[in-house]
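The structure presented is a predicted model; accordingly, all values stated were derived computationally and were not measured.
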Amino acid sequence: MEPTLNQSRGQRRSVYIAYTGGTIGMRPGSRGYRPEPGFLADQMSRLPVFADARMPSYTVHEYAPLLDSSNMTPEDWVKIGEDIYDHYDRYDGFIVLHGTDTMAFSASALSFMLQRLGKPVIFTGSQIPFMELRTDARENLVTSLLLASQHPLPEVSLFVGSRLLRANRSTKVSANRFLAFDSPNYPPLGRAGVDLEIYHGRARSRPQGDIAFRPVRDARVADLRLFPGITVDILHRILDSPLQGLVLHTYGSGNAPDDPAFLDTLREACDRGMVIVNCTQCLEGSVDMWGYATGRALLDAGVVSGFDMTPEAALTKLYWLLSLDHPVEEVRRLMQESLRGELTRPQA
């Protein structure tokens, strides 16, 4: 669908809205809520707040088809990233309207693909559609427009339910609260209350050089959550598939069964070039593979630490690094380095 613009830009700052789909623009249908082309832009045009002189000028680019975020794939991450990259020089800030279910994955992926980002890219969406009488959609969108135009934080972030979070530190924690996302291991970049409070000291520094876009390509990555009773046969079947990388969700501070057959299966996969990243199942805290014998056994098998990365950041970062054709040891090294503020390494 062709982009739609609000009032003439004049000297107002401008924001590009990439509308990918999600609950925010849905309306009721015979089988429940569904996206409808043109509906969200029409609803926005009917509200005086979006034409207020204190608001930025904006362009809405509606994707076709509009997607429920459950249907998002890495190819869609690339589409969003290319869209922002192609319009980067024409706008002061960017908003991505996206379903909340996989928003943290898409937002994390963009944080890696958009290198040397010097303008704000804010993901937002809603738990209730824009057209409903009682909704979080209007406040999320209005506030995101103000943030994207008035506070040029040079990174990908996520705004839902009054908090601005670093994208690759965010995870969805509630299916039914307006405050649907949290950033367990990094403080918010900002809060929206009576005032818009931005904590610039927590944001990334403005980069040197021009923006670059390095997309995710065809990488073969999987995600496995350990559970009591998991068998070596299950692990072997997963690792025997043609994978390049695996995010392994372990217990506590990075622990797993120390059964020799289990560890041998991991070691064999690492020896043939698979990158296995250890992330904790806990919402808060960090992997410490040196603190317990069971964690050290994973380290000895060739598994690398994901420290305090979210599952979304770990998976998308692994996708991205494997797309760049680095040698395996370089991918393992970079998975343990903070590239976009996605992890904190403990002080030596």
* **Short N-O contact, Arg169 and Asp308, less than 4.0 angstrom** => yes
* Is the shortest side-chain N to carboxylate O distance from Arg204 to Glu155 below 4.0 Å? -> no
* **Distance-only polar pair, side chains of Asp288 and Ser253, donor-acceptor under 3.5 Å** => no
* To do: Determine, for Glu337 against Arg345, whether the closest basic-nitrogen to carboxylate-oxygen distance falls under 4.0 angstrom.
  => yes
* Asked: Does Glu36 pair with Arg34 as a salt bridge, N-O distance under 4.0 Å?
  -> yes
* Is Arg333 paired with Glu330 through a side-chain N to carboxylate O contact shorter than 4.0 Å? -> yes
* **With Trp77, the ring pair (Phe, Tyr, Trp, His ring centres under 6.0 Å) member among Phe105, Tyr319, Phe112** => Tyr319
* Asked: Are Asp240 and Arg237 ion-paired here, with the side-chain N under 4.0 Å from a carboxylate O?
  -> no
* If you measure from the Lys or Arg side-chain nitrogens to the Asp or Glu carboxylate oxygens, is any gap between Lys79 and Asp83 under 4.0 Å? -> no
* Asked: How about Leu343 and Lys317: do any of their side-chain heavy atoms sit closer than 4.5 Å?
  -> yes
* For the residue pair Gln127 and Thr100, confirm or rule out a side-chain donor-acceptor distance under 3.5 Å. => yes
* Using a 4.5 Å cut-off on heavy atoms from C-beta on, say whether the side chain of Leu235 contacts that of Leu224. => yes
